[in-house]
Amino acid sequence: LWINNCSNGNHFVTFHLTGTTSNKMGIGAKVKIFGPWGIQTREVRSGEAYGIQNSFDAHFGLGSNTTVDSVIVVWPSGTIDNLLNVAADQFVNITEGDFPVSVAAQPVQTTVNVYPNPNTGTFTIDLGNGQDAKIVIRDMSGRMVHNRTSTGRYNHFDLSNYDNGIYMYEVITANGRFSGRIVKQ
């Protein structure tokens with residue numbers, strides 16, 4: 001008998017979902033975690049091919065990170081649960097509706113517009129209501145190329161010194177997180 005007692009120092013977090021309005025196993029729910037790595041997403045599925053049964057748990061590898069900034073669970077019923085500052089190396093049970101997003105935390109018609117998109121290096125991220133926000137832009141490998149705090153509506157960026165390709169933006173406000181793609185040609 002061989003027992004592998006090695007530890008690589010990496011961390012994880014696993015979520016077990018229990019639906020109330022949605023189905024009991026949470027099948028179809030989407031779990032998103034946010035942290036310094038960006039966003040990771042899992043969807044709870046019952047099977048993907050003939051004779052295959054998936055685990056109903058959403059497992060995430062965190063590498064060297066010891067906490068998850070926030071977790072959003074979007075249930076098939078449309079209910080949204082939100083957990084903050086979840087510690088690593090644990091199994092977390094979430095029952096639908098236990099961590100509701102309050103009405104006050106819902107985006108107040110916040111719009112995030114990026115233009116021009118595609119662009120040749122310079123573009124603007126327009127925060128429709130001009131609220132304070134943290135804006136992070138990453139290349140497709142996850143490397144951060146811009147990280148700034150905005151206190152106004154119009155935020156101008158320059159990717160002229162970067163390769164052409166697809167970049168991901170994330171806008172974090174008091175009303176929520178918004179993300180999308182920017183294409184530099």
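In this structure, Y154 OH and I125 CD1 are separated by 14.0 Å, a value rounded to the nearest 0.5 Å. Residue L83 holds its CG atom at 12.0 Å from CD1 of I33, rounded to the nearest 0.5 Å. Within the model, atoms CZ of R181 and CE of M168 stand 5.0 Å from one another, a figure rounded to the nearest 0.5 Å. Between D139 atom CG and H146 atom NE2 the span is 11.5 Å, to the nearest 0.5 Å. Going from atom CD of E96 over to atom OG1 of T21 covers 4.5 Å, rounded to the nearest 0.5 Å. Residue L127 holds its CG atom at 9.0 Å from CZ of R153, rounded to the nearest 0.5 Å.
Y167 is listed as a side-chain neighbour of L159, based on a closest heavy-atom distance under 4.5 Å. Side-chain atoms of P76 and I27, non-hydrogen and from C-beta on, never get closer than 4.5 Å to each other. Counting heavy atoms from C-beta on, the side chains of M144 and I137 never come closer than 4.5 Å. R148 has its side chain within reach of F157: a pair of non-hydrogen atoms, C-beta onward, lies under 4.5 Å apart. At a threshold of 4.5 Å between non-hydrogen side-chain atoms, the residues P118 and F123 do not count as touching.
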Could you walk me through whether H16 and F91 satisfy the ring pair (Phe, Tyr, Trp, His ring centres under 6.0 Å) test, starting with their C-alpha distance in whole Å, then the side-chain angles of each, then the deciding distance to 0.1 Å, before giving a yes or no? CA-CA 7 Å; H16 179 79; F91 295 86; 9.7 Å; no
Could you check V44 against M25 for side chain to side chain contact (heavy atoms under 4.5 Å, CB included), going step by step and ending with a plain yes or no? CA-CA 8 Å; V44 178; M25 299 307 296; 5.9 Å; no
Could you walk me through whether L17 and F56 pass the side chain to side chain contact (heavy atoms under 4.5 Å, CB included) test, one step at a time? CA-CA 8 Å; L17 307 181; F56 294 116; over 6 Å; no
Check against side-chain hydrogen bond (donor to acceptor under 3.5 Å, both in side chains), D126 and T124: CA-CA 6 Å; D126 175 0; T124 300; over 6 Å; no
Determine, step by step, whether F60 and V68 satisfy the side chain to side chain contact (heavy atoms under 4.5 Å, CB included) criterion, reporting the C-alpha distance in whole Å, the side-chain angles of both residues, the deciding distance to 0.1 Å, and the verdict. CA-CA 10 Å; F60 297 89; V68 175; over 6 Å; no
Quick one: do D57 and T14 satisfy side-chain hydrogen bond (donor to acceptor under 3.5 Å, both in side chains)? Show the steps, please. CA-CA 7 Å; D57 294 337; T14 300; over 6 Å; no
Evaluate side chain to side chain contact (heavy atoms under 4.5 Å, CB included) for K134 paired with N147, printing each intermediate quantity in order. CA-CA 7 Å; K134 178 180 176 184; N147 182 7; 3.3 Å; yes
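Closest approach of W75 to I94, counting heavy atoms only: CH2-O, 3.9 Å. Closest of all the heavy-atom pairs between G97 and D81 is N-OD2, 3.0 Å. Shortest non-hydrogen contact noted between V73 and A29 is CG1-CB, 4.4 Å. In terms of heavy-atom proximity, M140 sits nearest to I166 at CG-O, 3.0 Å. When all heavy atoms of V31 and F15 are compared, the closest pair comes out as CG1-CD1, 4.1 Å. Nearest approach of N117 to V183, heavy atoms of both residues: OD1-N, 2.9 Å.
The closest donor-acceptor contact from the side chain of N82 to the backbone of F99 lies at 3.5 Å or more, if one exists at all. Side-chain atoms of H59 never come within 3.5 Å of backbone atoms of R42 as a donor-acceptor pair (strictly under, hydrogens ignored). Checking side-chain atoms of S22 against main-chain N and O of S77 turns up a donor-acceptor pair under 3.5 Å. Q40 places no side-chain N or O within donor-acceptor distance of the main-chain N or O of L62, the cut-off being under 3.5 Å. Although no hydrogens or angles enter the test, the distance criterion places a donor-acceptor pair under 3.5 Å between the side chain of N119 and the main chain of G121.
Crowding of K184 atom NZ: a count of heavy atoms from other residues, nucleotides or ligands under 6.0 Å exceeding 12.
Cluster annotation: I72 and V92 are assigned to distinct hydrophobic clusters (Ile/Leu/Val/Met/Phe/Trp/Tyr, side-chain heavy-atom contacts under 4.5 Å, transitive). Clustering ILVMFWY residues whenever any of their side-chain heavy atoms sit less than 4.5 angstrom apart, transitively, puts V145 in the very cluster that holds I135.
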